[in-house]
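Lettering follows sequence order; numbering is per chain, from 1.
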Amino acid sequence: MIDVKNLHKSFGALQVLRGIDLHVDRGDVVSIIGPSGSGKSTLLRSINLLETATSGEIWVDSKLITRPDPSLHPGENLQEITKAHYQDPYALRRKVGMVFQHFNLFPHKTVLENMIYAPVTVLKLPREQAVEKARALLESVGMLEKIDVYPGTLSGGQTQRVAIARALAMEPDVMLFDEPTSALDPEMVKEVLDVIKRLAGSGMTMLLVTHEMGFAREVSDRICFLDEGRLIEDAPPEIFFSTPKSERARIFLDKVL
Amino acid sequence: MQLDFSIIFNYIPEFVSALGVTLKVTVCSLLLGLVFSVPLSLFKISGIKPLEWFAALYTSIFRGVPLMAQVFMMYFGVPLVLPVKFTAFTAGTLVFSMNSAAYISESMRGGIRAIDKGQYEASMALGVRYGAMMKDIILPQAIKSVMPSLVNEFISLLKNTTLIASIGLVDILRVGQLIQSRTYRAFEPFFAISVFYYVLVMALSFLGKLLERWVNKSDRR
């Protein structure tokens, strides 16, 4: 489903990602953890092109979403590769849903308008159909009764649940969560995690950047540990949390668990 | 000297039609100015140097040249070098709207800049294209912070439209001059005109407040 190959990303002189290789199968739930500044969010944001890779490639659903990297195709014609496999950002983003740390609901639109805006504008769904789907999704995240209010009146937890429903309204194949509970008051974390957990159980392919170790352990098929822009562990949670291979992961876990 | 305000009442029909002219020029200029200001403000934030330069030059010209000179240029000057002919109304409205666009685009640029980058990212992540994102997500939010300066612009436009009297349009100010030349009285007509403008401006400020509250309806809890 997702293939990240030797991904590098620099912001000026600052190297944030230094060669990431990551493979995610359909239905996988992968948590990306690591110290702050390790490049977790940048990796996630690269997958729906909110960041542009400096070098390396990303493939989503067998389509190339970055420019082809010459070093990965020695002797091949790059134009041919682009022609055969490249997919533009708009098509990609329809398949990849994203949930942000700071929710990013549209404050001037009601919950319902937030829900149907992209389906109607981007997918050209008839309004009635979009509304119907929005109601069902809001119901599933327990937010149906707030359908006509503006986001400013919602709590953080409620806002994030709507934001998840909004992303799901595009019927994505993959969901990316960028620290979805980091901006929440502690008492609201659970309601959001419950929604994500249910989604993970439904077979959605998910990548999750999180600091909630207990949660990562519970829902993930794999844990990816990033440090200084490198992926230094990629293991099932029971192995990662009990017997991490690297010293750095051990130190990190000592601090957060 | 004896004041006699009754002379004003002999000119009610003139005042009514002049009020029409003043309001027509003001409203048309504001609306057109608003329309012009959108591409101008988008140029300013485009990150494309030639567009940014154009917008900066445009703004500096309309800020740097006295409005009266702009009006004369458009009405008397431009038709001599370009194959166009303006009525006083068209020339006036054109200058005022281009002038407003310069001012409005400045505050609009500020309004756009102030919008959280998360709004852009959320739109992009949902697959929304640039045009739709600007039209539906960014500009409607930017307009909110532009509202107060838009009301100010409306008010200064209303007052600045007195300049069209100088190219022959009969606005409220011109009626005052008319009365003065016919009756040799100056205090009464210009006092009446001052009251006229004052009441108009107050009414506009009030409407502006209502409008501001309306665009901010999503902030209410």
Counting only heavy atoms from other residues, nucleotides and ligands, does the tally under 6.0 Å from [atom1] of [X] exceed 12?
{"X": "A:F11", "atom1": "CZ", "result": "yes"}
{"X": "B:E52", "atom1": "CD", "result": "yes"}
{"X": "B:K24", "atom1": "NZ", "result": "no"}
{"X": "A:R94", "atom1": "CZ", "result": "yes"}
{"X": "B:F191", "atom1": "CZ", "result": "no"}
{"X": "B:M202", "atom1": "CE", "result": "yes"}
{"X": "B:F206", "atom1": "CZ", "result": "no"}

Given a strict heavy-atom distance threshold of 4.5 Å, which part of [X] is in contact with chain B: side chain, backbone, both, or neither?
{"X": "A:F100", "result": "side chain"}
{"X": "A:Y117", "result": "side chain"}
{"X": "A:L105", "result": "backbone"}
{"X": "A:V96", "result": "backbone"}

About how many Å separate [atom2] of [Y] and [atom1] of [X], when rounded to the nearest 0.5 Å?
{"X": "B:R129", "Y": "A:T121", "atom1": "CZ", "atom2": "OG1", "answer": "12.0 Å"}
{"X": "A:N114", "Y": "B:L126", "atom1": "CG", "atom2": "CG", "answer": "9.0 Å"}
{"X": "A:H108", "Y": "B:Q119", "atom1": "NE2", "atom2": "CD", "answer": "7.5 Å"}

Mind checking whether A:R45 and B:E121 have side chains closer than 4.5 Å, heavy atoms only? yes

Spell out, as yes or no, whether a donor-acceptor pair under 3.5 Å connects the side chain of A:N48 to the backbone of B:A125. no

Could you tell me which non-hydrogen atom of A:R166 sits nearest to which non-hydrogen atom of B:A122, and how far apart they are? NH2-CB, 3.5 Å

Smallest separation among heavy atoms of A:Y90 and B:G127, with atom names: CD2-O, 3.7 Å

Which portion of B:D136 sits near chain A, non-hydrogen atoms under 4.5 angstrom: both

